[in-house]
Protein chains: 2
Amino acid sequence: MPTRTAAQRRAEARTVFDAAFADCPSRRLMERIGEKWVALLLTRLADGPRRHGDLRRSVPGVSQKMLTQTLRGLERDGLVRRSVTAGVPARVDYALTPLGESLLPVLAAVSAWADRHMADIDAARAAHGEPARSGSAGAGG
Amino acid sequence: MPTRTAAQRRAEARTVFDAAFADCPSRRLMERIGEKWVALLLTRLADGPRRHGDLRRSVPGVSQKMLTQTLRGLERDGLVRRSVTAGVPARVDYALTPLGESLLPVLAAVSAWADRHMADIDAARAAHGEPARSGSAGAGG
DNA sequence: CGGCATCCTACAAGATACTG
DNA sequence: CAGTATCTTGTAGGATGCCG
């Protein structure tokens, strides 16, 4: 019986990997803004502060849980500011911080490339036998 | 008893949501480049064509499966071109297509923001009680 | 050398119900 | 209205073994 189990070796390798790779700032940023609702919410907030329920209605499909979870994550990362106004019922507003606003151009760059070239990707995919999803609507958020 | 159950209404809402949301080009692009190895591989290929094993060695932590899977996905989407040279052993090269190259500036924008502001995110996270991962190494890819 | 198939695990995302 | 807690599940990612 070896001194280390397979699981232990895996865990160690994972640690080494994390140290070398997770530091990569791009990767970490990707993991943030790649979360399903992040980009959507940040662009919604670009127009100004919004209330919880307001955001929820403006983003079809988001669950109450994911909305709170995502917003709290963004708040924790300093991209969004959460302000509570006591009362019954309580009122909660979310707004972009300057840091969050500084991220908007990056999201815009992504959006711009997507608007210009996503059709090319669909075409390439179709050429490979996939039925592509005919994505032509420009919900450029 | 209503004609539609709650589950049915949810399923319908989901369908509507998918149609309205999955089309969003930004979201779809995010899902592509947000894949764990995509950005890393594309930037590695920015320098020129690379062999499979070459790429594998240059990206610590990537498994053979994920390397092939990711590259094939990129090939399917027209971002990468795969060329096989018969022989024993076979030789496989991967190179960016023009479409793939056009994506590099976007990745660069993400990387640039990350390099400039990821420390701010870490600071914000630390201020919220999280022990942050002290990401200071600049593996800017 | 490159690639495929199989099995497995971890985690993001969602459904649901309850609190204040 | 806003949020929390719990349970379930789809799927990305990874480990391993075999093939041309």
Side-chain angles (χ1 to χ4, degrees), chain A residues 4-18 21-22 27 30-41 49-73 75-76 80 82-94, chain B residues 5-15 17-18 21-22 27 30-41 49-57 59-76 80 82-94:
Chain A
R4 299 180 304 172
T5 67
Q8 282 174 329
R9 273 183 288 111
R10 258 184 285 122
E12 287 179 34
R14 181 60 166 278
T15 300
V16 171
F17 156 73
D18 279 348
F21 177 77
R27 175 91 214 101
M30 277 300 190
E31 290 187 346
R32 275 302 144 218
I33 64 180
E35 274 177 28
K36 191 165 183 177
W37 307 103
V38 168
L40 219 38
L41 289 177
R50 290 248 204 169
R51 295 189 57 176
H52 180 104
D54 186 17
L55 275 173
R56 184 172 179 183
R57 278 182 296 275
S58 87
V59 180
V62 71
S63 68
Q64 186 277 331
K65 174 194 159 182
M66 287 315 296
L67 183 57
T68 296
Q69 182 175 304
T70 303
L71 286 169
R72 290 300 178 87
E75 185 197 13
R76 188 194 59 169
V80 159
R82 175 172 173 271
S83 50
V84 183
T85 307
V88 177
R91 174 194 174 100
V92 182
D93 287 275
Y94 293 93
Chain B
T5 66
Q8 282 174 330
R9 272 183 289 110
R10 261 183 285 119
E12 286 178 34
R14 181 61 166 276
T15 301
F17 155 71
D18 279 348
F21 177 77
R27 177 90 214 102
M30 277 300 188
E31 290 188 345
R32 276 302 145 216
I33 65 181
E35 276 177 28
K36 191 164 184 178
W37 307 104
V38 168
L40 217 39
L41 289 176
R50 289 248 205 169
R51 295 190 58 176
H52 180 103
D54 186 15
L55 275 173
R56 185 173 178 181
R57 277 182 297 275
V59 180
V62 70
S63 68
Q64 184 277 327
K65 174 194 159 181
M66 287 315 297
L67 184 57
T68 296
Q69 183 175 303
T70 303
L71 286 169
R72 289 302 179 84
L74 292 174
E75 185 197 12
R76 188 194 59 169
V80 159
R82 175 171 173 272
S83 50
V84 183
T85 307
V88 177
R91 175 193 174 100
V92 181
D93 286 275
Y94 293 93

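Keep in mind the model is a prediction, meaning the values are calculated, not measured. Below, chains carry the letters A, B, ... as their sequence lines are ordered, and counting in each starts from 1.
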Value in whole Å for how far the [atom2] atom of [N] lies from [atom1] of [X]:
| X | N | atom1 | atom2 | answer |
| --- | --- | --- | --- | --- |
| M30(B) | dA12(C) | CE | P | 17 Å |
| L55(A) | dG3(D) | CG | P | 10 Å |
| L67(A) | dG3(D) | CG | P | 8 Å |
| Q69(A) | dT6(D) | CD | P | 14 Å |
| L40(A) | dA13(C) | CG | C1' | 15 Å |
| E31(B) | dG10(D) | CD | P | 17 Å |
| R27(A) | dG13(D) | CZ | P | 8 Å |
| L74(B) | dA12(D) | CG | P | 14 Å |

Quick one: does [X]'s side chain get under 4.5 Å of [Y]'s, heavy atoms only?
| X | Y | value |
| --- | --- | --- |
| K36(A) | R27(B) | yes |
| T70(B) | L41(B) | yes |
| H52(A) | R91(A) | no |

key: Under the side-chain contact (heavy atoms from CB on, under 4.5 Å) test, residues paired with R82(B) that sit two or more places apart   = R72(B), E75(B), V84(B), V92(B), Y94(B)

inquiry  = Tell me the bend of the helix from dC1(C)-dG20(D) to dG20(C)-dC1(D) as the angle between end helix axes, each from five pairs, rounded to the nearest 10 degrees.
reply    = 40°

message = Test of understanding: with side-chain hydrogen bond (donor to acceptor under 3.5 Å, both in side chains), list the residues that count as partners of Q64(A), not counting sequence neighbours.
response = T68(A)

inquiry  = Just to verify, what does R32(B) make a side-chain hydrogen bond (donor to acceptor under 3.5 Å, both in side chains) with, not counting sequence neighbours?
reply    = E35(B), D77(B)

request  = Specify the closest pair of heavy atoms between L74(B) and V38(B), including all atoms of both residues, with the distance to one decimal.
outcome  = CD2-CG1, 3.9 Å

Nearest heavy atoms of A90(B) and R51(B), plus distance in Å = O-NH2, 3.9 Å

For nucleotides 7-9 of chain D, which of its nitrogen or oxygen atoms have a protein nitrogen or oxygen under 3.5 Å away, and what is each distance?
none

request  = With rounding to the nearest 0.5 Å, note down the distance linking CG in L40(B) to CE in M30(A).
outcome  = 10.5 Å

task = Mind checking the CG-CZ spacing from L55(A) to R57(A)? Nearest 0.5 Å is all I need.
result = 9.5 Å

What protein N or O atoms touch nucleotides 1-3 of chain C N or O atoms at under 3.5 angstrom, if any, and at what distances?
from: dC1(C); atom 1: O3'; to: R51(B); atom 2: NH2; distance (Å): 3.0
from: dG2(C); atom 1: OP1; to: R51(B); atom 2: NE; distance (Å): 2.7
from: dG2(C); atom 1: OP1; to: R51(B); atom 2: NH2; distance (Å): 2.8
from: dG2(C); atom 1: OP2; to: G53(B); atom 2: N; distance (Å): 2.7
from: dG3(C); atom 1: OP1; to: R82(B); atom 2: NE; distance (Å): 2.9
from: dG3(C); atom 1: OP1; to: R82(B); atom 2: NH2; distance (Å): 2.8
from: dG3(C); atom 1: OP1; to: Y94(B); atom 2: OH; distance (Å): 3.2
from: dG3(C); atom 1: OP2; to: H52(B); atom 2: ND1; distance (Å): 2.5
from: dG3(C); atom 1: OP2; to: Y94(B); atom 2: OH; distance (Å): 3.2
from: dG3(C); atom 1: N7; to: Q64(B); atom 2: NE2; distance (Å): 3.0

request  = Taking only the side-chain heavy atoms of S63(B) (C-beta and beyond), determine which of dA15(D), dG13(D), dA13(C) contains the nearest atom.
outcome  = dA15(D)

